[in-house]
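Have a look at the structure below, then the notes.
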There are 2 protein chains.
Amino acid sequence: MSHDTKLIDLFDRLARVAGNDRTAQGLNPVQWEALRFFARANRFSRNPSGLRQYLGVTKGTVSQSIIVLEKKGLLKKVPDSRDRRGVEVRLTAAGRKLLVDDPLNRWREDLAVLSAAQRKSLEATLEHLLRAALQHRERQPFGFCRDCVHFARDEASGAPHFCALLEVPLSDEDSQLICREQAPG
Amino acid sequence: MSHDTKLIDLFDRLARVAGNDRTAQGLNPVQWEALRFFARANRFSRNPSGLRQYLGVTKGTVSQSIIVLEKKGLLKKVPDSRDRRGVEVRLTAAGRKLLVDDPLNRWREDLAVLSAAQRKSLEATLEHLLRAALQHRERQPFGFCRDCVHFARDEASGAPHFCALLEVPLSDEDSQLICREQAPG
DNA sequence: CCTTTAAGTATCGACTCGATACTTAAGTAC
DNA sequence: GTACTTAAGTATCGAGTCGATACTTAAAGG
């Protein structure tokens, strides 16, 4: 019985409660997570292997989930012009519309019981913890493009920004999305 | 894009990462949760409907999970002497032994990146949040017996403690377990 | 008694998820 | 170029979760 037992139990319990109200609008937990991911991932990340990395599951699993969401008309696949093995996954208008009723939004009401200072502090602590946990498990942080070590702002190249890792220009929109290659700077 | 979006995303992501390493020792997430629950629930709570309330799933689901764990030799069912419809679920020696290698323990290492003050603050905040979330969803908090409004310490009745709701004497051990009837005082 | 309610089980169908095997396309070596 | 290797994605299978439904048994209350 170490001193962190209660904290771990709280995580476990919160995760379970969150999981419980994730089945809504006919979508199950993983489908919601996939929808959220593709809505927020940049063009280097919004493909099946990006989701695979994000969720930490096998490619067969994500392949199935994407096919189901495609059948529901919430996602559509577009061939990748640069690599013909790959596909780009995009939300349809129906997908974006459904995301407005994300069951995770229920937590906004719950978070209201905390003060602004508490929420701020909680956010910083959880971010720290998540980063450590992902590093420990050798997984990518999937942070914002603009917070990356490879991000160069206001390049003279014409485009507003630039990625020094992939060596491509970046739009303003790109910089505000999450990226599988992101390394916190 | 409300201001709590990032906080909700952090919860979602932490929950997913925690879920990923919950498949260990041949047990899946729900089986681990059941094992943990029965190890910590008091005698009024360690039955199928207690787990049902705790996890927020249907009785058919918990019935199946318990049967699987019984077949694995980690749990055993004992008829309830007071109510012949009910059963008491107890961990076997093998169950207790397995719990030592709970994959959730991996978080202890991750929590080490936080200072003692941060952990303390995090614990208080999460407890507050969980309580609000459970109340919002009309679910029981499953707190410690000793922290309950119905708990009476050092009764003159002979037993060390007493539950004013169920009107039964309580041992010291009872008071340190979680209870489905618990109402925070 | 008889009706209602509660605890638990049995069964079904839809889905997740890991594992395995497969297809197609890049990348690289020669 | 041809051959080998690696990567992206799909197809399929089996075990398990989970809600829904129907059922059995027992308690509880007129």
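First the proteins, then the strands, lettered A, B, ... as listed; each starts at 1. Everything numeric here is computed off the predicted structure, so don't read it as measured data.
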Exercise for the section: Please work out if V62(A) contacts a base, only the sugar-phosphate, or nothing of the nucleic acid, heavy-atom cut-off 4.0 Å. Expected result: nothing

Practice task
With E88(A) as reference, evaluate R82(A), R46(A), R43(A) under the salt bridge (Lys or Arg N to Asp or Glu O under 4.0 Å) test and give the passing residue.
Solution key: R46(A)

Problem - Euclidean distance, atom CH2 of residue W32(A) to atom C1' of dT16(C) [Å, nearest integer] - result: 18 Å

Problem - With sequence neighbours excluded, residues passing side chain to side chain donor-acceptor pair (under 3.5 Å) with S171(B) - result: D174(B)

Polar atoms only, N or O, under 3.5 Å: list the protein pairs with nucleotides 22-29 of chain C and their distances.
unit_1  : atom_1 : unit_2 : atom_2 : d
dA26(C) : OP1    : R84(A) : N      : 2.5
dA26(C) : OP2    : R84(A) : NH2    : 3.3

Exercise for the section: Answer yes or no: does a side-chain N or O of N28(A) lie under 4.0 Å from OP1 or OP2 of dC18(D)? Expected result: no

Side-chain polar contacts of residues 58-68 of chain A - donor-acceptor pairs under 3.5 angstrom, sequence neighbours left out - could you list them?
unit_1 : atom_1 : unit_2 : atom_2 : d
T58(A) : OG1    : T61(A) : OG1    : 3.1
S65(A) : OG     : T61(A) : O      : 3.3

Fill in the blank from the handout: To the nearest angstrom, the CD-P distance between Q31(B) and dA15(D) comes to 14 Å

Completion exercise
Here the side chain to side chain donor-acceptor pair (under 3.5 Å) pairs for residues 10-19 of chain A, sequence neighbours left out, are D12(A)-R22(B), D12(A)-R36(B), R16(A)-E33(B)

Tabulate below the donor-acceptor pairs under 3.5 Å that side-chain atoms of residues 176-183 of chain A make, not counting sequence neighbours, or state none.
unit_1  : atom_1 : unit_2  : atom_2 : d
R180(A) : NE     : Q53(A)  : OE1    : 2.9
R180(A) : NH1    : N47(A)  : OD1    : 3.1
R180(A) : NH1    : S49(A)  : OG     : 3.2
R180(A) : NH2    : S49(A)  : OG     : 3.3
R180(A) : NH2    : Q53(A)  : OE1    : 3.1
Q182(A) : OE1    : G143(A) : N      : 3.4
Q182(A) : NE2    : F144(A) : O      : 3.1
Q182(A) : NE2    : D147(A) : O      : 3.4

Exercise for the section: Specify the separation, in whole Å, of atom NZ of K77(B) and atom C1' of dG8(C). Expected result: 8 Å

Exercise for the section: Please collect all salt bridge (Lys or Arg N to Asp or Glu O under 4.0 Å) contacts where either partner lies in residues 128-145 of chain A, sequence neighbours excluded, each pair once. Expected result: E127(A)-R131(A), R137(A)-D21(B), R137(A)-D110(B)

Fill in the blank from the handout: Separation of dG8(C) atom P from Q53(B) atom CD, nearest Å, is 11 Å

Fill in the blank from the handout: From CD of E33(B) across to P of dG16(D) the rounded distance in Å is 17 Å

Handout entry: With E123(B) via side-chain contact (heavy atoms from CB on, under 4.5 Å) - residues at least two apart
Key = K6(A), L7(A), L10(A)

Handout entry: Along DNA chain D (nearest heavy atom to each residue), the more 5'-positioned of I67(A) and G86(A)
Key = G86(A)

Practice task
Not counting sequence neighbours, which residues clear ring pair (Phe, Tyr, Trp, His ring centres under 6.0 Å) with F37(A)? List them please.
Solution key: Y54(A), F142(A)

Problem - N-O pairing of E70(B) and K76(B) below 4.0 Å - result: no

Exercise for the section: Please state how far atom NZ in K71(A) lies from atom P in dT10(D), giving the value in whole angstrom units. Expected result: 12 Å

Completion exercise
L27(A) CG to dT16(C) C1', in whole Å, measures 14 Å

Pairs under 3.5 angstrom, nitrogen or oxygen only, protein versus nucleotides 17-20 of chain C, please.
unit_1  : atom_1 : unit_2 : atom_2 : d
dG18(C) : OP2    : T58(A) : N      : 3.1
dG18(C) : N7     : T61(A) : OG1    : 3.4

Exercise for the section: Take atom CZ of R52(B) and atom P of dA6(C), then tell me their distance rounded to the nearest Å. Expected result: 11 Å

